[in-house]
Amino acid sequence: MRVVLLPALAAFACAAGSAHGPADADERPAGDGSGRELRLSLSTGAEAPTAATPVVLELTGTNDGQAALVLDFPDGQRFDFEVISEDGAVVWRWAEGRFFAQVLGRETLEPGASQHWTGRIEAGLPAGVYRVLATLTTVEPRTVEATLTVLPRS
């Protein structure tokens, strides 16, 4: 991760990265040489869900560095999830239909601390294989990706 200096603050530039996995994905920490490292991980649940059962997605940001990490946000939104079908269609987006305060935000992660953001698809999804994108919506967003397999009903 590189540091972008703004007047009186440091904002972390978050180049998009991705990792693939059947249930979880993890992005390697990115450091800027200052002892600040943010690791993102995405969980799509402990087990493969079946069609029409709720799906819980969790984005976790962990400060793996030795110094406090400041996350700057352009508005009230902190994260987003997108679920994309095999044909490339976005079938669910957490932020769809939500409104966010139009005010700058800041969160600080101390060394070793984590922050969790959760999205829940109440109606579930049809059986199939999906790409899940989880985005930390900082000034320069960072995204991690995982694969989600939804099994047919038993």
Side-chain angles (χ1 to χ4, degrees), residues 1-21 23-46 49 53-126 130-148 150:
M1 181 180 319
R2 63 177 194 243
V3 173
V4 176
L5 296 178
L6 300 175
L9 64 100
F12 284 88
C14 301
S18 66
H20 302 276
D24 297 301
D26 212 24
E27 180 186 85
R28 292 184 196 170
D32 62 6
S34 66
R36 296 180 182 106
E37 296 183 8
L38 177 65
R39 177 175 40 93
L40 292 180
S41 60
L42 168 60
S43 172
T44 59
T53 61
V55 176
V56 177
L57 306 172
E58 183 176 75
L59 173 63
T60 301
T62 303
N63 181 354
D64 284 340
Q66 298 174 1
L69 190 81
V70 177
L71 303 173
D72 288 299
F73 297 89
D75 57 26
Q77 185 176 5
R78 297 296 184 257
F79 66 95
D80 201 2
F81 294 102
E82 286 184 316
V83 178
I84 303 166
S85 66
E86 291 178 286
D87 66 2
V90 175
V91 297
W92 184 81
R93 183 169 178 229
W94 179 83
E96 184 75 28
R98 296 177 189 260
F99 297 95
F100 301 98
Q102 297 302 300
V103 60
L104 298 175
R106 173 177 280 176
E107 294 188 22
T108 301
L109 283 177
E110 295 301 325
S114 294
Q115 177 71 43
H116 305 277
W117 299 275
T118 303
R120 183 177 171 96
I121 307 170
E122 293 294 336
L125 296 164
Y130 299 89
R131 286 177 53 218
V132 179
L133 303 177
T135 302
L136 184 63
T137 59
T138 48
V139 171
E140 293 187 36
R142 167 177 267 168
T143 299
V144 64
E145 180 178 327
T147 300
L148 171 65
V150 177

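In this chain, numbering begins with 1 at the start of the sequence shown. From a predicted model like this one, the values you see are computed outputs, not experimental measurements. Atom set for the values below is all heavy atoms of this structure, side chains included, hydrogens, waters and symmetry mates excluded.
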Which donor-acceptor pairs under 3.5 Å do side chains of residues 93-105 form with protein atoms, sequence neighbours excluded?
unit_1	atom_1	unit_2	atom_2	d
Arg93	NE	Asp80	OD2	2.7
Arg93	NH2	Asp80	OD2	2.9
Arg98	NE	Trp94	O	2.7
Gln102	NE2	Phe100	O	2.9

**Report entry** Criterion side chain to side chain contact (heavy atoms under 4.5 Å, CB included) on Trp92 and Leu57, from CA distance to verdict
**Finding:** CA-CA 12 Å; Trp92 184 81; Leu57 306 172; 3.8 Å; yes

Report task. Looking only at non-hydrogen atoms, find the nearest pair between Pro111 and Gly65 and report the distance. Result -> CB-O, 3.5 Å

When the side chains of residues 81-91 are checked against the rest of the protein, which donor-acceptor pairs come out under 3.5 Å, sequence neighbours left out?
unit_1	atom_1	unit_2	atom_2	d
Ser85	OG	Asp87	OD1	2.3
Ser85	OG	Ala89	N	3.4
Ser85	OG	Ala89	O	3.4
Asp87	OD1	Ala89	N	3.1

Query raised in the report: Can any side-chain N or O of Asp64 pair as donor or acceptor with the backbone N or O of Arg39 at less than 3.5 Å?
Result: no

Query - Inter-residue atom distance Glu37.CD - Thr62.OG1, 0.5 Å rounding - result: 12.0 Å

Query raised in the report: If every non-hydrogen atom of Thr108 is compared with every non-hydrogen atom of Ala68, which pair is closest and at what distance?
Result: CG2-CB, 4.0 Å

Query raised in the report: Between Arg120 and Glu122, is there a side-chain N and carboxylate O pair less than 4.0 Å apart?
Result: yes

Query raised in the report: Are the side chains of Leu136 and Leu38 in touch, meaning some heavy atoms are under 4.5 Å apart?
Result: yes

Requested in this report: Indicate yes or no: at least one non-hydrogen side-chain atom of Leu59 is less than 4.5 angstrom from one of Leu40.
Outcome: yes

Query raised in the report: Listed by chain and number, what are the side-chain hydrogen bond (donor to acceptor under 3.5 Å, both in side chains) partners of Glu110, not counting sequence neighbours?
Result: none

Report summary line: Separation between CG (Leu148) and OG1 (Thr44), nearest 0.5 Å, reads 5.0 Å

Query - Any side-chain heavy-atom pair of Leu125 and Pro49 under 4.5 Å - result: no

Query - Gap separating the CD atom of Gln77 from the OG1 atom of Thr135, nearest 0.5 angstrom - result: 9.0 Å

**Report entry** Check: Gln115 and Arg78 side chains under 4.5 Å, non-hydrogen atoms
**Finding:** no

Query raised in the report: What is the distance from atom CG of Leu42 to atom CD of Glu58, rounded to the nearest 0.5 Å?
Result: 9.0 Å

